[in-house]
Amino acid sequence: MSEWWCFQVICWRAVASMAWSVLLLLPTTALFVVLSRISLFHPILWISECLSLLTSTSAIFSFILLCGVVLLVGFFNLEYYTVVPSIACSKIALLGQVLHPRQFVHSLVHCIMGVVVAWCCAFTIGGRYRSLGHPCTQDESSGPEMCLNEYHLVLLLVGAFIGYSHSLVGVVYNMNYVSFHTMQQYKYLRFKGALPLVVKASAVQALYCLRNFLVLYFFMGYAPRAWICRTLDLNINCSIHSLDSVSSLLDLSLLYHLWISGTFLLLTWYITVLLFRIFVTEVYSFPVQSTFTEDAHQCLPKVITGMQPMILKFLALQDLALLSQHSPSRRLEVFSLSQPGGHPHIWTALSKECLSLLSDLTERLVTHHDTVATNGRAKSQSTGSNKRSTTSSESSGMDDMKTPRPSVLIRTPGSVFLRSSGLRTPLTTPFTPDRDSPFSSPALRRLTGPLEPQGPLSPGFSSIQSPHVMRRGPKLWSASTGEGQPRGHIWLIFTNGLVKHFLAKRVLIMYLFNKLPEASSQSLFADSQLHIWALQGLSHLVAASFSEDQYGIVQTTLPTILSTMLVLQEAVDRHFKLPHTSSKPGHCSCGMGDDSYKTLRFALRSSLKTAVYRITTTFGGHLQ
C-alpha cells in the first residue's frame, strides 16, 4: 500500500505533465508550420498553404508521431530525474558518466527521436526536403533512376545530431536535476515566467548545434552519404553539387530551415522537461497524524524518515518548513501528545530526523576537512588513536542527551576540529634502496634523498601548527607504515609511489584525473536543500513553541538542537576557509541546465545563521 501511494503521488504528476506537453504541442506545431513556410511577399498564398497543410491527413499522421516522441521524452524524464545532482569531481569521472551503458541507451533513443522529429519537419517544409530519393537521369542511354536527396538527408542528420547533443548536454549540465524553488507560485505563473527563457535556450542551443554539425559534415559528410546510397541502392546525382562544400553549406534558405527545425525539436523537448519540473516539485501537504492505522504511511513523520523515493523525502521536508511558518493549526498537532500515554511521538520523530540530517552533514564536512588538512593521506596511527580516545571520552557526556541517531555522534566544537599541533611525528623509511646502485634511476635518487632538518630559518619551518598554513610536500611513505609490515607489502607501497610519480609527469593523465575547481565542495552540499528545510522547520517550530507549546516538549531537546546547529556552524565556517573554496556564489547560466546546486552551500550558510539567530532572539535570556 505504501509503494502504491508513492506511485500515485509521483507518477500521476508525471502523467499530468505529459498530458499538458501533448496539448501544448498543437500550437507549437502550428507555429512551426507558419515559420517554416514563411513568404512575406505572398501573404495570402502563405496563409492558405499553412491552413491546407494543417488540415491534411499527412499532417495528422506527423502530429501523432510527434505526440509519441513527446510521451517518450516524458517517460525518460521520469526515469532519469534526480533531486540530488551527480557532480563529477574530475574529467575522468565525467567521461565515465558519458560512457555509462545507461547513458548510452539514453543517447541512442534520443538520436532516433531526433530523426523522427526531423522527418516530420522535412515533410512539413516540403519542396526539396520532402523525400529521401528523387528520380534523376544520369545518362541519356539509360532510363530514369532514383538519386539521393541530400537536403533531406542533411535534415535527418541534423535531427540525430541535436538529439545526441541534447542527451550529452543533459549529462554535462545536470539537465535531469530537479530543483525546488524557494518562492511558491502557481504552476501557470511558473510556466509563464519560464517560457521566454525556454524559447531563448532552444534557439541558442539549436544555433550552436547547427554550427558544430556543419563543421562535422564539411569534413565527414561523405561517409553517411555513401552509406545511405549503398544501403538503399540510391545513386548520387553528379549534376548537383554535394552539400559538403562551403558554397552549398552557406545557403541561407538551407541554414534557416535547419535552424528552425532544430529550434522546434528542442522547444518541444524543453517544454516537456519544464512541465515535468513544475509538476513534480509542486507542494504536497502531508497529514501530520492519521485517524486510521492503514493511512499511517502517508503521515509526515513516517514519510520524512523514509529514503525511497528520495523526492518524497524532499516534499516532506518542504512541507515541514512551510507548516512551521504558515500553519498554526498543524503546528499544534506537532506539539500534541499521544493518547493514551502522553508521549510527544510526532515531535520526537520530526526533530530526530532533522537533527540526524544536520549531524550527517557535520560528519561529512569534518571528514573532508581532515582529508584536505593531511593532503589526502591517511592519518598516522598515533593521530587516529588520540582522536578516538578524545572522542570516546567526550561522547560519554553526550549519552544523556537525545541524540538523533545512535550511529551518528554529535561532537562538541572542541572535539570536531582537533588541531594537528603536537601530533607531528617524523617519517620512517621502512625500505631504503641503494641510491648508488647503477640500476637506480634519477627519479629514485630524488625520492629517496636524505631529509634535511628544518630549523627556524628553514623555508618549510613554521611555528604555526595549522594544517592550512604549513605546506607539506608529497611524501611516498606515511608514518603508519611500521616495522611490522611484511617486506612484500612494503615493496608494493614503494612501486605504487613510483607509478604515481611517473604518471604525474604526463599532461593528459593529470588533465583527466585532476580535481575540478570547487567540485568537491559542491558535491558535499549536493543534497543541502534537505538541510536548509530541516533548519527552517526546526528553528520556526522552536520559535513558535515559546508561545504555542503547552507541554514544554520542545524545551527538552532545545540543548541538543542548539549544540547541533553550533557545531554545524563551525564546520561550515571552517569549510569556507579551505583553499579552492569560493566564498561568494557564482553567476548561474540561463540555459535549461539547472545549476542552482552550485549555490546551495551559500544558501545553507545563510539559513544556518538565520536559524540560530531566530532561536536565540526568541528565547533571549531564558537560554541560560
Side-chain angles (χ1 to χ4, degrees), residues 1-21 73-87 102 106 170-171 173-187 190-191 194 272-288 295-324 349-350 353-354 356-357 360-361 522-523 525-537 592-600 603-604 607:
M1 184 180 296
S2 176
E3 294 179 356
W4 172 248
W5 175 72
C6 297
F7 174 81
Q8 285 183 320
V9 173
I10 305 303
C11 292
W12 276 115
R13 294 186 173 198
V15 170
S17 67
M18 295 179 196
W20 277 105
S21 301
V73 171
F75 171 77
F76 272 91
N77 291 336
L78 177 61
E79 186 68 21
Y80 282 77
Y81 86 95
T82 177
V83 290
V84 179
S86 177
I87 303 174
R102 179 180 171 90
H106 187 273
V171 177
Y173 294 103
N174 277 296
M175 195 172 295
N176 58 342
Y177 168 59
V178 176
S179 63
F180 290 78
H181 280 223
T182 55
M183 296 182 60
Q184 303 302 321
Q185 289 181 308
Y186 291 108
K187 295 189 292 292
R190 285 189 59 183
F191 179 79
T272 307
V273 173
L274 175 63
L275 288 173
F276 178 80
R277 292 176 179 176
I278 292 176
F279 273 85
V280 82
T281 57
E282 185 183 7
V283 176
Y284 189 91
S285 180
F286 296 88
V288 178
D295 297 334
H297 60 274
Q298 303 181 13
C299 295
L300 184 61
K302 184 69 174 179
V303 178
I304 208 171
T305 56
M307 294 299 295
Q308 296 296 334
M310 194 65 178
I311 191 171
L312 279 182
K313 192 178 185 69
F314 274 73
L315 291 173
L317 281 167
Q318 183 188 41
D319 185 41
L320 175 64
L322 292 176
L323 78 86
S324 64
L350 295 178
E353 182 62 26
C354 292
S356 298
L357 290 172
D360 290 343
L361 180 59
Q522 294 172 6
S523 63
F525 296 91
D527 59 343
S528 288
Q529 186 61 63
L530 290 175
H531 308 97
I532 292 173
W533 284 330
L535 287 169
Q536 293 176 354
M592 284 299 295
D594 195 343
D595 54 0
S596 59
Y597 62 89
K598 296 181 180 179
T599 59
L600 280 178
L604 175 72
S607 300

Q) Going by the salt bridge (Lys or Arg N to Asp or Glu O under 4.0 Å) test, which pairs reach into residues 174-187, not counting sequence neighbours? A)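 Sorted pair list: Lys187-Glu282.
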
Q: Please report the closest heavy-atom contact between Leu604 and Ser528, naming both atoms and the distance.
A: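 It is CD2-OG, 4.0 Å.
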
Counterpart residues, side chain to side chain contact (heavy atoms under 4.5 Å, CB included), relative to [X] (two or more places apart):
X	result
Val273	Asn77, Arg277, Met592
Thr305	Glu353
Ala349	Pro301
Val171	Gln97, Val98, Gln103

What pairs with [X] under side chain to side chain donor-acceptor pair (under 3.5 Å), at least two apart in sequence or on another chain?
X	answer
Ser285	Arg330
Ser607	none
Asn176	none
Arg13	none

Q | Listed partners of Phe76 passing ring pair (Phe, Tyr, Trp, His ring centres under 6.0 Å), at least two apart | A |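 With sequence neighbours excluded, Phe76 shows a ring pair (Phe, Tyr, Trp, His ring centres under 6.0 Å) to Tyr80, His106, His110, given in chain and number order.
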
Q) Got a sec, which residues hit ring pair (Phe, Tyr, Trp, His ring centres under 6.0 Å) with Phe180, two or more places apart in sequence or on another chain? A)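 Phe180: ring pair (Phe, Tyr, Trp, His ring centres under 6.0 Å) contacts with Phe314, Trp533.
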
Q: Check whether any side-chain heavy atom of Gln298 lies under 4.5 Å from a side-chain heavy atom of Phe286, and answer yes or no.
A: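 Contact flag for Gln298/Phe286 side chains = no.
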
**Q.** Contacts of type salt bridge (Lys or Arg N to Asp or Glu O under 4.0 Å), residue Glu79, not counting sequence neighbours
**A.**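 With neighbours one apart ignored, the set is empty.
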
